[in-house]
Structures are given as C-alpha cells and as structure tokens.
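Please read the structure below before turning to the comments.
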There are 2 protein chains.
Amino acid sequence: MDRKKEILEAATRSFSLFGYKATTMEQIAKIANVGKGTIYTFFANKEVLFQEIVRKMICEMKQEATDAIKEGASFQENAHDALMKMLEFRETHQLYAKIVDEEKDWRTPAAKQMLHETEQAIVTFIKEKIDKYVAKGELRQINSELVAYLLFKAYLAFINDWNVTHDESLPEVEIANFFQETIFRSLLV
Amino acid sequence: MDRKKEILEAATRSFSLFGYKATTMEQIAKIANVGKGTIYTFFANKEVLFQEIVRKMICEMKQEATDAIKEGASFQENAHDALMKMLEFRETHQLYAKIVDEEKDWRTPAAKQMLHETEQAIVTFIKEKIDKYVAKGELRQINSELVAYLLFKAYLAFINDWNVTHDESLPEVEIANFFQETIFRSLLV
DNA sequence: TATTTGACTGAATCACTCATTTGGTCATTT
DNA sequence: AAATGACCAAATGAGTGATTCAGTCAAATA
C-alpha cells in the first residue's frame, strides 16, 4: 500500500477533527497504521505535512468555485457565485472551519499562516476572473488586485461579521442586490 | 474640588496607559486622591466608569471627524476625510489604541463591548452623512446603513489589514483614487 | 542495502496549588 | 450627609512537578 497516501489521509482526518495543535504525530501514525518515524521519511516536519494538506484543500475549494462559474454569465453573477461558494466552503468544510477557529482562539502560527495562504488563494482566484472580464471588455480597466481584495473583504464583512453586531444575518439576495448597486455597478464599462 | 471630575480624569489616564484589565480601582483612587469607596458613590462599578470614559472619547472622535468636514465639498471628499480621521484616531488616540489591543490580545469582554460601540458610532456617523447627501440629491437613494457599513469595513481593510498580508502599506492617495473609482462612483446619481 | 520502526530526549505544555490581588461593601470617621 | 479604607469572597497568577510531544536515531525488518 502507498504509505504516503495513507499518512496524508490519516493526517487530513485528524487535522479536520482536532485542528493543528491538538493533532499529534503519534495519532496520525496510529491511524495510518505506520510507525511515527515513517512520517518523517515523507515529510520534513508537522508543519510541512499540514501545508501539503491545506494546499490540497485549497485546490478542492478552487475547483468548487470553478464549477460554480457559468461560461456565458456576467461578471457579477460569476463573481458572486464563486465568492459565495468559497465563503460557504469556509464555514462548511471541516478543515477550513477548524483552521479559522484555531487561528481565532489560539493564534497557532501554523494555522495563521495557512489561513492567510487560503485567503490569498481566494483573492487571486477572483483577480484572475476580473482580468478575464476586463480582457473581454465587460469590465473597465481597473487595478484587479485591489478590486479582488475589496470584493473578498466586503463579502466576508457582510457574510461573517454582520451578525456579530446585528442579530439577523443578511439574506443572500439582499447582499447580491446591494453589491450590484455598489461595487459591481462601478466596474462596468 | 469636583471629586467626580477628579475620578474621571484619573481613570482616563489609567485606562489610557494600562488598559481596562490592568487598571485597578485602587490605582484610580490613588491618582484621584480619593478613597476607593468614593468612586462607588459616583459609578456603580468599574465597567460603568469605563463606559462613561469611552463614550466621552467617542464624542471627541466624532467632533474631530465633524471638524474635518468641509461644507461645500463632495460626499467622497468628506466621507474620505472623516473616515481617515477616525481611523487615524483609532491608531493615535491612546485609549482607543489600548482598547483595540486589549480586545485582540485578551478578549476582555468590557473592551470588546466598547470597541463595538465605538465602531457602531463611526458607522452611524457615516450613515448620517450619506442621508444628508442623499437628501441634497448628490447621491442616489440607497440603503445608507449598508453603504456606511461597507465604507467602514472597506477602509478598515485597506488601512489596517492590507499590510498584514502585504509588506508595504497603501499610500492614502492610492486608497482615495481606488475608492473613487469603485464605491463612491457607484453612489453618484 | 534500503526502509521502517518505536524507544528516547529535551523542550514545551499542563494540571494543580496556594499566596496575592482586586472589585465591591459597609461600619466607622469626618 | 459624604467620604473612607479595612474587610471579604472571588479571581488571578506565580511556582511546581508531571506529562506530553515533535523530532531523532540506533536497531529491526524486509
């Protein structure tokens, strides 16, 4: 059997269930039916193993976002769907949710770093879509990195932060309509 | 001498220097040249005393923002100046900066609560300006609360969060130009 | 020989304790 | 009537010894 694959699967399960800090290398070895030392023949250390797993998760997330893209649709429609998918992923996907919690509650440096990498991936994904629609002539020529960053932060604020200060969360349609009237409207040629 | 005023001044100094948690009622009493019990004849408890002080700070902040408003200027110009003033206040003003730190590092509930109240004050301030400019006919009729919230979160993201992931912070002009091209542009009639 | 393994190590973290501190009270003083 | 600080219960934190854990490496295995 492919030992590296076994280890990756075991580690993914453990990190998803318990987070980075609460997962021990011995635990992973036990689940993978492998000696602890074996892990170190494939991965330099715990952090590197974690990175590989999170990066795989990022790929899955990008794939889901890509699947949500409809070829003929407007930028607003696609960007909205992609962002919603990825922010839903953030709350739904066990590992992503665990990383967010761990960074918030314990400031685990490894979790913080990979959380940033994941968020950067989202921003880059959106930036690429913007560039495509600019090339298509549907959007004005703007700084796509800044716009992508703004869209991510704005969506995060309205979906995650809003209910911290307000007692009912905003319905998705209301968010969509609001951003259509503000940010998206300003991007059209 | 006005004992209440002495206490307020002493408490303001202490909270500004050491934060909420690290300030003791005995310390305040000592600085105010007052017995500890005296404080409790004016304020129900430590939290209420803190609230009164933070609310005074909020007034000062709003005053500074109001001073930054130029009567004849455009909405963008005034909103930008007001937001920048208040976010500068957030980093410059000893007490505000201490509250932000304390909420981040210790999650002190009292600090968290007053931080929210302060941020809500900023959003409300901006909302009122929006309503004014909508009435003036300079801005389209939009949900002013949502726009105010968006502006606050967006400015916070570009001024505070940007340099967390990027190594050089954005120059103010670049931020102003970017928001002019995006959010502000979409608000004009 | 090449690969796998788990006992081993030092550093970090933990649970626990107990002395100190602190928010708030109230009998006494002014 | 107003001010005070000794006092109290609860919370905090320093100090501790025990435990846990990431990573290593000599021995076992294939």
Side-chain angles (χ1 to χ4, degrees), chain A residues 1-54 98-99 101-114, chain B residues 1-54 98-99 101-114:
Chain A
M1 240 302 176
D2 188 353
R3 306 181 99 69
K4 188 176 178 183
K5 208 180 144 193
E6 297 275 15
I7 292 166
L8 277 170
E9 277 173 17
T12 303
R13 282 217 311 198
S14 197
F15 285 136
S16 297
L17 279 170
F18 310 114
Y20 180 78
K21 227 180 78 107
T23 289
T24 70
M25 294 303 264
E26 214 166 357
Q27 210 171 30
I28 295 172
K30 194 85 62 78
I31 299 176
N33 271 104
V34 141
K36 186 154 71 123
T38 311
I39 300 177
Y40 289 90
T41 64
F42 295 107
F43 305 95
N45 53 46
K46 191 183 176 182
E47 208 173 327
V48 165
L49 172 58
F50 184 59
Q51 281 167 10
E52 187 156 330
I53 285 165
V54 174
K98 261 275 165 325
I99 299 172
D101 283 352
E102 198 161 342
E103 143 67 4
K104 189 163 65 75
D105 296 340
W106 281 289
R107 314 266 159 84
T108 317
K112 190 185 183 119
Q113 193 201 316
M114 294 319 287
Chain B
M1 240 299 176
D2 188 354
R3 307 181 99 70
K4 189 176 176 182
K5 207 179 147 193
E6 298 275 15
I7 293 166
L8 277 170
E9 277 173 16
T12 302
R13 281 217 312 199
S14 197
F15 285 135
S16 297
L17 279 171
F18 309 114
Y20 180 79
K21 228 179 77 108
T23 290
T24 71
M25 295 301 265
E26 213 166 356
Q27 208 172 31
I28 296 172
K30 194 85 62 78
I31 300 174
N33 271 104
V34 142
K36 186 155 70 123
T38 310
I39 300 178
Y40 289 89
T41 64
F42 295 106
F43 305 94
N45 53 47
K46 191 182 177 184
E47 208 174 326
V48 165
L49 172 57
F50 184 59
Q51 281 167 10
E52 186 155 333
I53 286 165
V54 173
K98 261 274 164 328
I99 298 173
D101 283 352
E102 198 161 344
E103 144 67 2
K104 189 163 62 78
D105 296 341
W106 281 289
R107 315 263 160 85
T108 317
K112 188 186 184 119
Q113 193 200 316
M114 294 319 286

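A note on names: the letters A, B, ... follow the listed sequences, proteins ahead of strands, and every chain is numbered from 1.
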Donor-acceptor contact present, side-chain S16(A) to main-chain T12(A), <3.5 Å: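 Yes, because the side chain of S16(A) sits within donor-acceptor range (under 3.5 Å) of the backbone of T12(A).
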Chi angles and distances behind the side-chain contact (heavy atoms from CB on, under 4.5 Å) call for M114(A), Y20(A): CA-CA 11 Å; M114(A) 294 319 287; Y20(A) 180 78; over 6 Å; no
Rounded to whole Å, please give me the gap between [atom1] in [X] and [atom2] in [N].
| X | N | atom1 | atom2 | answer |
| --- | --- | --- | --- | --- |
| E47(A) | dC21(D) | CD | P | 18 Å |
| I7(A) | dT3(C) | CD1 | P | 14 Å |
| K46(A) | dA12(C) | NZ | C1' | 12 Å |
| Y40(A) | dT3(C) | OH | C1' | 18 Å |
| F15(A) | dA22(D) | CZ | C1' | 12 Å |
| R107(A) | dT13(C) | CZ | C1' | 19 Å |

Verdict with reasoning, I99(A) to T108(A), per side-chain contact (heavy atoms from CB on, under 4.5 Å): CA-CA 9 Å; I99(A) 299 172; T108(A) 317; over 6 Å; no
side-chain contact (heavy atoms from CB on, under 4.5 Å) involving T23(A) - partner list, sequence neighbours excluded: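 In terms of side-chain contact (heavy atoms from CB on, under 4.5 Å), with neighbours along the sequence ignored, T23(A) is linked to S14(A), F15(A), F18(A), Q27(A), I28(A).
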Minimum heavy-atom distance between K46(B) and K21(B), given as atom pair plus value: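 That closest heavy-atom pairing would be NZ-O, 3.7 Å.
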Which atom of K98(A) lies closest to which atom of L17(A), heavy atoms considered: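 Where K98(A) meets L17(A) most closely, the heavy atoms are CE-O, 3.2 Å.
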Can you check nucleotides 4-10 of chain D for protein contacts, nitrogen or oxygen pairs under 3.5 Å, and list what you find?
{"residue": "dT4(D)", "atom": "OP1", "partner": "R3(B)", "partner atom": "NH2", "Å": "3.0"}
{"residue": "dT4(D)", "atom": "OP2", "partner": "G35(B)", "partner atom": "N", "Å": "3.1"}
{"residue": "dT4(D)", "atom": "OP2", "partner": "T38(B)", "partner atom": "OG1", "Å": "2.5"}
{"residue": "dG5(D)", "atom": "N7", "partner": "G37(B)", "partner atom": "N", "Å": "3.4"}

Of residues 21-31 of chain A, the positions that come close to DNA chain D - non-hydrogen atoms, cut-off under 4.0 Å: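 Only T23(A), T24(A), M25(A) qualify.
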Flag side-chain contact, heavy atom, 4.5 Å: R107(A) against D105(B):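 The answer is yes; the side chains approach within 4.5 Å.
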Gap separating the CD atom of E9(B) from the CD1 atom of I53(B), nearest 0.5 angstrom: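 Going from CD on E9(B) over to CD1 on I53(B), the span is 10.0 Å.
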